[in-house]
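The structure appears right after this line, and notes come after that.
Numbered from 1 within each chain, the chains take letters A, B, ... in sequence-line order. Because the structure is predicted, anything quoted here is derived from the model rather than measured.
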Protein chains: 2
Amino acid sequence: MDQVPRRASLAHGALFTNLDEGTAEILLDAATLRQFAAGATLFHQGDAPSQLFQVSSGSVRLTRVNPEGEQTTLRFMGAGDLVGCVAVFRRFPFPATATATEPTAALCWSAVQILDLMRRHPAISANALDTVGDRAREMVDRLAEMTDKGTEARVASVLLRLVGQVGRNGPKGVEIASPATRKDVSEMTGVSYFTVSRILGGWQRQGLVRLGRARIVVLDPGRLAQIAA
Amino acid sequence: MDQVPRRASLAHGALFTNLDEGTAEILLDAATLRQFAAGATLFHQGDAPSQLFQVSSGSVRLTRVNPEGEQTTLRFMGAGDLVGCVAVFRRFPFPATATATEPTAALCWSAVQILDLMRRHPAISANALDTVGDRAREMVDRLAEMTDKGTEARVASVLLRLVGQVGRNGPKGVEIASPATRKDVSEMTGVSYFTVSRILGGWQRQGLVRLGRARIVVLDPGRLAQIAA
DNA sequence: CGACTCGTTGAGACAACTCAATGGGTGTGG
DNA sequence: CCACACCCATTGAGTTGTCTCAACGAGTCG
């Protein structure tokens, strides 16, 4: 409802966990709150990592272009997530492009600024390490999934992960908030577009999900988890 | 040649990069050098992360058991690599089991010790962050590979990665030092055992690799890189 | 009312998987 | 030192799940 959110409501998310008030204050003062329209890009794959973002509201899609020029969706990020953290902390070019999928607000630090703050405040460093560690772990899990699960199980896993990352509770189930097309799911699972469509169609007939245009509502997470296993 | 390597030769690898001498000294003093026989395990999947390892010599295989009980190889680690870093820094159970594939020596810190050192020495923290960041990045790359490359390309990529991680220069090519079986390659690529055997057989006929029992020598990395692309 | 994007469905092809049988190394124990 | 068991690898034949290609349907936007 507030167009300009109150300060206090911003001092949450990955970088702020377990900070004492003073440090949180300093961190927040250094940040700029930027607004992005749906479709606006936060940064491009290959860019030098000049800024770090933490999503306050809305959601962001991370995509990557392979050498053959095909685009693939890596993941979505929602409120509290750090976008571009690995690249900024490691001073590597961004390995992906970040795009807002809906009107999105993000706290924003310049790379030099955040690196400096980290040097001065070990607690911030610790949060950074935790976040990057989480990301590494998620990727290991996803990698393992790719090799030892079948297509249906992978689609189920991705749906559940999306629910966790950008899910929004609705009357009868959890809706995936970001406009997630079949193509996105296809790219995140390594399953072809058409097969995803068929699998989701089947699940809708069984009442596990409800489908719409660029819209997926998960009705029965339990059953999905079973399929994912 | 030295059975007991000299101190100086140990103060290298992931955690020691860019440390001033004093800090390196402290870090090294806190470490224990442990020897592992081929087949010995450094830690088990699911264990509490009580120790951090940095490989000094030899090599280590990281494997993971999925819910169905099948074992899959995640990756190999060679000299200078930090084993178990994500788990230790994040205080998560180890997500994989680490086994020495040949006689291996590793520097070894207790979790509380290394976390304490990191708190006291930001430079060590920074190295930790860099290492975890690298790992995250590698995983993202591998994930992308899985979704947008075909089987041959994936096998080629994994071979090249193995060369980089545990390769050893020989007279006519680079040998993959760890006993890497077809099964290992199969699990790292998500390609069936038999298909891997056929692909490698084909490459041997073309002179790209030379094969032996649990042994792969890469003769023509350039051509492999081409196939991987 | 087009033009566009997103989604569904069907039919056919083919690459990779499964299953089964065989062949060599390696190491161990009598 | 031989014989046996075990592990790793190869190869063939048959099957199938997934991809490809093509056509159509439906919602959305200007």
Side-chain angles (χ1 to χ4, degrees), chain A residues 37-39 61 63 66 68 70-73 99 101-102 145-156 158-159 175-176 178-206 209-217 227, chain B residues 37-39 61 63 68 70-73 99 101-102 145-159 162 175-176 178-206 208-217 227:
Chain A
R61 190 205 324 258
T63 59
N66 66 24
E68 290 84 55
E70 305 149 23
Q71 196 167 77
T72 62
T73 301
T99 317
T101 57
E102 49 181 343
E145 255 169 36
M146 292 295 296
T147 68
D148 53 45
K149 285 185 180 177
T151 47
E152 281 222 327
R154 291 213 301 277
V155 174
V158 165
L159 244 50
E175 173 167 1
I176 291 166
S178 279
T181 65
R182 309 285 178 276
K183 182 161 178 294
D184 290 321
V185 175
S186 141
E187 289 165 357
M188 282 189 274
T189 50
V191 173
S192 86
Y193 183 83
F194 307 97
T195 302
V196 169
S197 177
R198 279 185 251 266
I199 291 175
L200 290 180
W203 288 348
Q204 181 168 37
R205 256 165 262 132
Q206 294 170 46
V209 298
R210 201 169 63 240
L211 302 173
R213 184 186 173 84
R215 193 161 151 282
I216 302 173
V217 184
I227 294 173
Chain B
R61 189 206 323 260
T63 58
E68 290 84 55
E70 305 150 23
Q71 197 168 76
T72 62
T73 303
T99 318
T101 57
E102 49 180 344
E145 256 171 35
M146 293 294 297
T147 69
D148 55 43
K149 285 185 179 177
T151 48
E152 281 221 326
R154 290 213 302 276
V155 174
S157 293
V158 165
L159 244 51
L162 282 172
E175 173 170 0
I176 289 166
S178 279
T181 65
R182 310 285 178 275
K183 182 162 177 295
D184 289 322
V185 176
S186 140
E187 289 165 357
M188 282 189 276
T189 50
V191 174
S192 87
Y193 183 82
F194 307 98
T195 303
V196 168
S197 178
R198 279 184 251 267
I199 290 175
L200 289 180
W203 288 348
Q204 181 167 39
R205 256 166 261 132
Q206 294 170 48
L208 302 185
V209 298
R210 201 169 63 241
L211 302 173
R213 184 189 171 82
R215 194 162 149 280
I216 302 173
V217 184
I227 293 173

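Picking from D:dC7, D:dG27, D:dT10 the nucleotide with the shortest atom distance to the side chain of B:R213 gives D:dC7.
Annotation: the span from B:L162 atom CG to B:M188 atom CE amounts to 4.5 Å, rounded to 0.5 Å. Here the CD-OG1 distance, from B:E145 to B:T147, works out to 9.5 Å after rounding to the nearest 0.5 Å.
Close approach of DNA chain C to chain B, defined as any atom under 4.0 Å from a non-hydrogen atom of the protein, starts and stops at C:dA16 to C:dT26.
In this structure, B:V196 and B:Y193 have side chains that are not in contact, with every pair of non-hydrogen atoms separated by 4.5 Å or more. In this structure, the side chains of B:D184 and B:V158 stay at 4.5 Å or more apart for every pair of heavy atoms. The shortest distance between side-chain heavy atoms of A:I216 and A:R182 falls below 4.5 Å.
The CG-C1' distance, from B:L211 to D:dA9, rounds to 10 Å in whole Å. As rounded to whole Å, 11 Å separates atom C1' of D:dC8 from atom CG of B:D184. What separates CG of B:L200 from C1' of D:dA9 is a distance of 11 Å, to the nearest Å. In this structure, B:K183 atom NZ and D:dC6 atom C1' are separated by 15 Å, rounded to whole Å.
Contacts of B:R210 classified as side-chain hydrogen bond (donor to acceptor under 3.5 Å, both in side chains), with partners at least two apart in sequence or in another chain: none. With sequence neighbours excluded, the residues satisfying side-chain hydrogen bond (donor to acceptor under 3.5 Å, both in side chains) with B:T195 are B:S192.
Considering all non-hydrogen atoms of both residues, A:I176 and A:L159 come closest at CD1-O, 4.2 Å. B:L211 and B:Q204 get closest at one heavy-atom pair: N-NE2, 3.1 Å.
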Please tabulate, for the side chains in residues 148-156 of chain B, all donor-acceptor contacts under 3.5 angstrom to protein atoms that are two or more places apart in sequence or on a different chain.
{"unit_1": "B:D148", "atom_1": "OD2", "unit_2": "A:N66", "atom_2": "ND2", "d": "3.3"}
{"unit_1": "B:K149", "atom_1": "NZ", "unit_2": "B:S157", "atom_2": "OG", "d": "2.9"}
{"unit_1": "B:K149", "atom_1": "NZ", "unit_2": "B:A228", "atom_2": "O", "d": "2.9"}
{"unit_1": "B:R154", "atom_1": "NE", "unit_2": "B:T189", "atom_2": "O", "d": "2.8"}
{"unit_1": "B:R154", "atom_1": "NH1", "unit_2": "B:K149", "atom_2": "O", "d": "3.1"}
{"unit_1": "B:R154", "atom_1": "NH2", "unit_2": "B:T189", "atom_2": "O", "d": "3.3"}

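Checking side-chain atoms of A:S186 against main-chain N and O of A:V191 turns up a donor-acceptor pair under 3.5 Å.
Bending across the helix from C:dC1-D:dG30 to C:dG30-D:dC1, expressed as the angle between its end axes from five pairs apiece, amounts to 40° (10° rounding).
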Taking only nitrogen or oxygen atoms into account, show me every contact under 3.5 Å that the protein makes with nucleotides 17-21 of chain D, one pair per line with its distance.
{"unit_1": "D:dT18", "atom_1": "OP1", "unit_2": "A:T151", "atom_2": "OG1", "d": "2.6"}
{"unit_1": "D:dC19", "atom_1": "OP1", "unit_2": "A:S192", "atom_2": "N", "d": "3.1"}
{"unit_1": "D:dC19", "atom_1": "OP2", "unit_2": "A:S192", "atom_2": "N", "d": "3.1"}
{"unit_1": "D:dC19", "atom_1": "OP2", "unit_2": "A:S192", "atom_2": "OG", "d": "3.1"}
{"unit_1": "D:dC19", "atom_1": "OP2", "unit_2": "A:T195", "atom_2": "OG1", "d": "2.6"}
{"unit_1": "D:dT20", "atom_1": "O4", "unit_2": "A:R198", "atom_2": "NH2", "d": "3.3"}

